[in-house]
Every structure is written in structure tokens, then in C-alpha cells.
Protein chains: 2
Amino acid sequence: MSQTPTPNPPELVLLKKLWAQGPLPVRVLHDACADQLDWSFSSTRKTLTRMSDKGLVVYQKPEAKGVALYTARVSKTATLANMARDFMRRVLEVDGPLPHVVFSASKLLNDEELEELEGLLGG
Amino acid sequence: MSQTPTPNPPELVLLKKLWAQGPLPVRVLHDACADQLDWSFSSTRKTLTRMSDKGLVVYQKPEAKGVALYTARVSKTATLANMARDFMRRVLEVDGPLPHVVFSASKLLNDEELEELEGLLGG
DNA sequence: ATAAATATGCGACATTGGTCACAAAGTCAA
DNA sequence: TTGACTTTGTGACCAATGTCGCATATTTAT
């Protein structure tokens with residue numbers, strides 16, 4: 001269960017955009033992340049295909065007319081929860097339940113998502 | 001200033017041992033981390049030389065008699081502070097000062113070190 | 001219908017990190 | 001001294017990642 005591969009830094013940037021905006025065409029995604037990933041369009045594309053191979057995103061071919069879209073395949077809360085848990089345990093060696101404060105300071109999560117996280121990490 | 005390269009997972013394991021025990025010969029370090037790094041002795045050695053190249057540790061040749069020792073070259077608090085800051089900002093997008101709770105839950109830090117961290121991260 | 005602009009499919013190359021094996025050099029007890 | 005065992009120095013290999021470029025399909029504006 002839960003073999004959600006941990007996204008590496010650039011992958012996370014792309015995923016965040018997809019989480020925030022929903023399915024996007026490569027070009028748009030690239031432009032939207034251009035400030036954070038100082039990349040060529042090719043790099044963005046390649047990274048996206050590799051992410052697709054790993055199951056982090058889903059590639060949808062255009063149906064006759066229109067552009068292809070990429071959609072996040074992994075859940076935002078689950079991904080962040082995994083990353084946070086790994087970091088806390090591996091780096092800081094925190095072993096009990098993670099302090100909930102950590103997440104509430106995040107600009108990425110709203111109340112609903114915070115509750116969800118609470119569930120994912122609880123115990 | 002502060003081009004302290006972020007140690008990757010195995011590197012961090014080795015560093016932690018050095019922080020806790022002080023300078024150690026490779027063999028000892030290897031044995032001490034054997035449970036966490038399921039590695040051959042060669043891997044430990046290679047990783048150590050690469051860490052030396054990066055400036056994470058210092059290699060001390062034996063002076064005529066005795067074994068070579070590796071010593072951590074980067075500070076524990078500074079390293080953990082950097083890693084935590086990076087993680088919080090990059091992954092969770094926390095932008096204010098980091099919640100101090102995060103560290104107090106860590107089993108790696110004593111009160112003195114916690115204060116030091118406070119200083120490093122404050123502002 | 002064409003050419004200009006885009007989008008896609010692929011292959012390529014360099015670096016880093018994980019992981020060893022092997023051979024030369026050193027150490028030490030019998 | 002002479003093995004036996006350890007330490008060191010190196011070279012190798014492969015997978016993942018960062019990073020492109022190019023050639024071919026597609027789309028779209030004139």
C-alpha cells in the first residue's frame with residue numbers, strides 16, 4: 001500500500017501547480033512554473049513524462065481536438081503528509097505523532113485539508 | 001557564506017554518528033551505522049570520501065601510527081536548521097519564522113542546542 | 001493550401017549518488 | 001619473515017536526474 005513515490009524538488013513544484021489549478025497543458029504548466037524552475041521547455045516536458053512513468057501525474061491525450069493535459073494523480077494531503085513524516089522521522093527523529101502546528105503554518109493548506117492531514121498522520 | 005551542502009540520507013546517518021561520538025575511524029563508523037545503512041564497507045568508505053570532497057567531513061591521516069579518523073566538519077545545529085528551513089519553505093511553504101515546536105519534539109537536540117537553533121532560525 | 005508556430009516523440013549527454021570489487025600497502029602475531 | 005587480516009586507493013557500473021536538441025506531426029492564421 002501507499003507506494004507514492006516522493007516527488008523531488010522540481011516535481012513538487014509542478015505538482016503544486018496542478019493541485020492548485022487542476023489539469024493543465026504542458027505549455028501553461030511550464031510558463032506558470034518558469035520563475036521557480038529555470039528550465040527550458042524541454043526539461044519541463046521530460047520531467048512530466050518521467051512523472052507520468054512514476055505515476056505522479058496522468059497524461060491525457062487530446063481527443064481529436066485540443067491539447068494534451070496533465071493531471072496530478074497523487075493527493076496533495078497524502079503527499080505532503082508522507083514527505084513531512086519522512087522528514088521529521090529521518091532528519092529530526094521525532095517519533096511520536098507530528099506536531100500539528102507544523103502544518104497549520106503552511107500556506108498550502110486550508111482548514112479542511114488540515115483535518116484530513118490530521119487523519120492521515122494521527123496515531 | 002554558508003554553502004553547507006545539504007547531506008543526503010546516507011550522509012546524514014553518518015554525520016549524526018559523528019556528531020554524537022566525535023571523530024571515528026571508518027570501520028567503527030561503518031559498524032555503528034550498519035543497522036541503518038545496509039551497506040558494504042566499500043559503500044561507507046566511498047560515501048565518506050565523497051563527503052570529504054564536499055566538505056561535510058574532514059579526513060585525518062594517521063600520524064605514523066594509528067588509524068585515520070573522520071570528523072564532522074559541519075555543525076549539527078546549523079545543518080539541521082538549514083535542512084528544516086529548506087523543507088518548511090520549499091515543501092510546506094511556511095514563510096514566517098519556523099515554529100519552534102518542531103525542534104523541541106526532536107530527540108536529537110538538547111536544551112542548549114535548541115537555543116542555538118532558535119538563534120539560527122530567528123528573525 | 002502553405003507557411004509559421006506549436007506540440008509531441010525520442011534520443012542524448014553529463015552529473016550525482018548508490019554500490020561494489022580488486023589490487024596495492026600496511027600491520028601484527030606466530 | 002611470512003602469512004593473514006585490515007586499510008586504502010582506485011576504478012567501475014548502473015539508475016536517477018537535470019538538461020537539451022532535433023525531427024516529425026499538428027494546428028492555425030493568411
Side-chain angles (χ1 to χ4, degrees), chain A residues 3-18 23-71 74 83 86 90-91, chain B residues 3-17 23-71 74 79 83 86 90-91:
Chain A
Q3 50 294 65
T4 307
T6 297
N8 58 38
E11 288 174 343
L12 185 61
V13 171
L14 295 175
L15 272 180
K16 280 184 178 175
K17 252 301 177 282
L18 291 177
L24 293 176
V26 197
R27 184 102 249 161
V28 177
L29 194 45
H30 172 72
D31 292 343
C33 298
D35 46 327
Q36 303 177 67
L37 305 173
D38 193 15
W39 267 356
S40 75
F41 186 53
S42 285
S43 298
T44 302
R45 287 195 310 125
K46 180 57 102 184
T47 298
L48 249 355
T49 60
R50 304 217 249 232
M51 287 174 77
S52 184
D53 292 345
K54 292 185 194 172
L56 289 174
V57 296
V58 178
Y59 176 68
Q60 294 161 285
K61 284 203 183 73
E63 335 84 37
K65 204 53 168 288
V67 250
L69 295 178
Y70 273 102
T71 312
V74 290
M83 295 184 74
D86 171 74
R90 187 175 62 73
V91 179
Chain B
Q3 50 293 65
T4 308
T6 297
N8 57 40
E11 289 173 342
L12 185 61
V13 171
L14 296 174
L15 271 180
K16 280 184 179 176
K17 253 299 178 282
L24 293 176
V26 198
R27 184 103 247 161
V28 178
L29 194 47
H30 173 72
D31 292 344
C33 298
D35 47 327
Q36 305 178 64
L37 304 173
D38 193 14
W39 267 357
S40 74
F41 185 53
S42 285
S43 298
T44 302
R45 285 195 311 124
K46 180 58 101 183
T47 298
L48 248 356
T49 59
R50 304 218 251 230
M51 287 174 76
S52 184
D53 292 344
K54 290 184 196 173
L56 288 174
V57 296
V58 177
Y59 177 68
Q60 294 161 284
K61 284 204 183 74
E63 336 82 38
K65 204 55 168 287
V67 250
L69 295 179
Y70 273 103
T71 312
V74 291
T79 302
M83 295 183 75
D86 171 73
R90 189 176 60 74
V91 179

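A, B, ... follow the sequence lines: proteins, then strands. Residue 1 opens every chain.
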Practice prompt. Would you please confirm or rule out a distance under 4.0 Å between OP1 or OP2 of D:dG18 and any side-chain N or O of A:S43?
Written response: no
Worksheet, complete the sentence: Whole-Å distance, B:L48 CG to C:dG18 P, equals 13 Å
Discussion item. I need a per-nucleotide contact map over nucleotides 3-15 of chain D, read 5' to 3'. Cutoff is protein heavy atoms under 4.0 Å; write B for the base, S for backbone only, - otherwise.
Written reply: ----SBBBBB---
Worksheet item: So, B:Q36 side chain and B:C33 main chain: donor-acceptor pair closer than 3.5 Å or not?
Response: no
Item to complete: Could you go through the side chain to side chain contact (heavy atoms under 4.5 Å, CB included) check for B:D31 and B:F41 one step at a time?
Response: CA-CA 9 Å; B:D31 292 344; B:F41 185 53; over 6 Å; no
Item to complete: Rounded off to whole Å, could you give me the CG-to-P distance for the B:L12 and C:dG17 pair?
Response: 14 Å
Worksheet item: Is the shortest heavy-atom distance from the side chain of B:D86 to the side chain of B:T6 under 4.5 Å?
Response: no
Response to the item:
Atom CG of A:D53 and atom P of D:dT17 are separated, to the nearest Å, by 11 Å
Fill in: OP1 or OP2 of D:dC20 under 4.0 Å from side-chain N/O of A:S40
yes
Item to complete: Starting at atom CE of B:M51, determine the distance to atom C1' of C:dT16, rounded to an integer number of angstrom.
Response: 15 Å
Discussion item. For A:R27 and A:V67: C-alpha separation, side-chain torsions, deciding distance, then whether side chain to side chain contact (heavy atoms under 4.5 Å, CB included) applies.
Written reply: CA-CA 10 Å; A:R27 184 102 249 161; A:V67 250; over 6 Å; no
Discussion item. Output the rounded distance in Å from CD (B:E11) to P (C:dG17).
Written reply: 6 Å
Worksheet item: Around B:D53, counting heavy atoms of other residues, nucleotides and ligands shown, do more than 12 lie under 6.0 Å from its CG?
Response: yes
Worksheet item: Can you find a pair of side-chain heavy atoms, one from A:W39 and one from A:T47, that are under 4.5 Å apart?
Response: yes
Worksheet item: Does any non-hydrogen side-chain atom of B:P9 lie less than 4.5 Å from one of A:R90?
Response: yes
Response to the item:
B:L14 atom CG is separated from C:dG17 atom P, nearest whole Å, by 14 Å
Worksheet item: Under 4.0 angstrom, heavy atoms only, what part of the nucleic acid is A:P25 near: base, sugar-phosphate, or nothing?
Response: nothing
Worksheet, complete the sentence: When A:D38 and A:T6 are each assigned the nearest nucleotide of DNA chain D, the 5'-most assignment goes to A:T6
Discussion item. What is the separation between atom CD on B:Q36 and atom P on C:dG18, rounded to the nearest whole Å?
Written reply: 15 Å
